[in-house]
Amino acid sequence: MTFTPAPWPRKLRSQEWFGGTSKDAIYHRSWMKNQGLPADLFDGRPVIGICNTWSQLTPCNAHLRDLAERVAHGIYEAGGLPMEFPVMSPSESAFRPTAMMFRNLCAMDVEECLRGQPIDGVVLLAGCDKTTPALLMGAASVDIPAILVSGGPMLNGYFRGERVGSGTHLWKFSEAVKAGEMTAEEFVEAEASMSRSPGACNTMGTASTMASMAEALGMTLSGNAAIPAVDSRRRVMAHVTGRRIVQMVKDDLKPSDILTRPAFENAMRVNGAIGGSTNAVIHLLAVAGRVGLDLTLDDWDAQGRDIPTIVNLMPSGAYLMEEFFYAGGLPVVIKTLAEGGKLHRDALTVSGGSIWDEVSGVTNWNPDVIRPVTNPLTPQGGIAVLRGNLAPQGAVLKPSAASPHLLVHRGRAVVFEDIDDYKARIEDEALDVDETCIMVLKNCGPRGYPGMAEVGNMGLPPKILRKGITDMVRISDARMSGTAYGTVVLHASPEAARGGPLAVVQTGDMIELDVPARRLHLEVSDAELAARLSAWQSPVARPSGGYAQLYHDHVQGADTGADLDFLIGPRGNAVAREAH
Ligand code: FES
């Protein structure tokens, strides 16, 4: 894929605000100058926004002010004018009811800020799970030159000499307490050891997955995804990204040049190789929608089918992002896929060159962390897309995080009508459940929760955990944290709150899961299923007012990316000129 840079010099977008001697131009410049900016900074050079999701309430992004300064250094150095601005920052660890409900609101914020402000290009500063897709979505809709820098992962956690991963060990320790293998006091002691430095989750959870997706799409400089937040090379990455965006503006290298079908196919394959989060499915569908690309669940299944998981990181494997970085990080994975013929080598990146150019010279420094394809962690990585009368529009499962003996399983449904029902009954010793059952959770999809909570990996009943059993088949319309694991069928579509078949599963129904055949079947006759559905009434009330109502009315299903229907597609950067 060849890219032809635009001629330079030429008049940039920001000059529509700052150029000339009109009253409007003086108005726009004069106010800016209250920040102590010399007049020659408005001479037609690229004005670069630094779009920052910094927030102390998003702890994974709390160090992004420092990185923004580094980006600004690079922009000045390359002859641009940096302008940092804040956008909404939905924190995965704290935002209620779910950060996911606000991904689209954050993307709207980004889109309007990019379009409405006097900037020619933007550096996107992201970290925590939803911030990366939200920024990519907003930038894709506006389509001005854009490049992303991640905040980077936290350093390894350790508890009593053992590596502990963000999220992954929260679930593990929580189950251990329920099983009587760990005391509540020990659990509290472990808390501090899990998050010992600035940065995002240090497992291959959603934050690291989405940083890897951004890199695989070509929307970051090579090597961005894995550098720890506190490593000085993270600052270097921010600095050189600042330099790069100035040239991208001069060349007019835009997201629409980079976010092509080959780029998305590369990203889906890379997700299989890294054992990435199932959340990437929804986010990439949504980003693709913003550039008008018709990416589907079937693409996910097809692209990942023959991709082995070679990155040995939690939750599927043993190591953490720090070791991934020391082993060579994502460029090694991309190179490995390319050498195996599993990558579009000529896909364009923000570098202005091909993705192959970026990775061809890298070395794998630890083949236990990044395995050769001849010794993978899982021979079949990728995302399995299941269909059947229980999920006619699809459901997903991550084989690398599942128990092999459960990938083909038939079991009796134990149904929870919603998350409150689950919480109320799961620890009841009288609950009629054993390890052969299939736990079913309803009303946790995009509209049902709302925002599609990460509760699909619902914890097992204590009486089963005490037997030493750690996995059962679980099915829901929820998502699962990228740090979690188990034989968990997620994103069942249509969701229960829209009257999908999941809504009418009853305790005692038999369900058949066959991952190799991509089948998810409720053993109920078509006539019985139709009768149940015709009697069904939604238990989810429409919110009255505010963003919650807007979201409820317009959110799409998980199978197409859960974007708001009116945000799908590119809208460009044109804006009516304000007259003063
Ligand atoms: Fe923010 Fe995991 S909670 S990255």
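Because the structure is a prediction, the values reported are computed rather than measured. FYI, side chains are in, hydrogens and waters are out, and symmetry mates aren't considered; it's all heavy atoms of this structure. Each ligand, and each atom within it, is numbered from 1 in the order the structure gives. Residue numbers count from 1 along this sequence.
- Ion pairing between a basic and an acidic side chain is recognised when a charged N comes within 4.0 Å of a carboxylate O; K442 and D421 show no such pairing.
- With sequence neighbours excluded, the residues forming a side-chain hydrogen bond (donor to acceptor under 3.5 Å, both in side chains) with S166 are N202, listed by chain and number.
- Residue pairs meeting the ring-ring contact (aromatic ring centres under 6.0 Å, His included) criterion with at least one member in residues 269-288: none, sequence neighbours excluded.
- With waters neither drawn nor counted, the protein N/O/S atoms under 2.8 Å from atom 1 (Fe) of ligand 1 amount to 2.
- Although no hydrogens or angles enter the test, the distance criterion places no donor-acceptor pair under 3.5 Å between the side chain of R115 and the main chain of V142.
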Please list every donor-acceptor pair under 3.5 Å in which a side-chain atom of residues 213-222 meets a protein atom from a residue at least two apart or in another chain.
unit_1 : atom_1 : unit_2 : atom_2 : d
E215   : OE1    : N224   : N      : 3.1
E215   : OE1    : A225   : N      : 2.8
E215   : OE2    : G223   : N      : 2.7

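- Side chains of T58 and S89: a donor on one and an acceptor on the other come within 3.5 Å.
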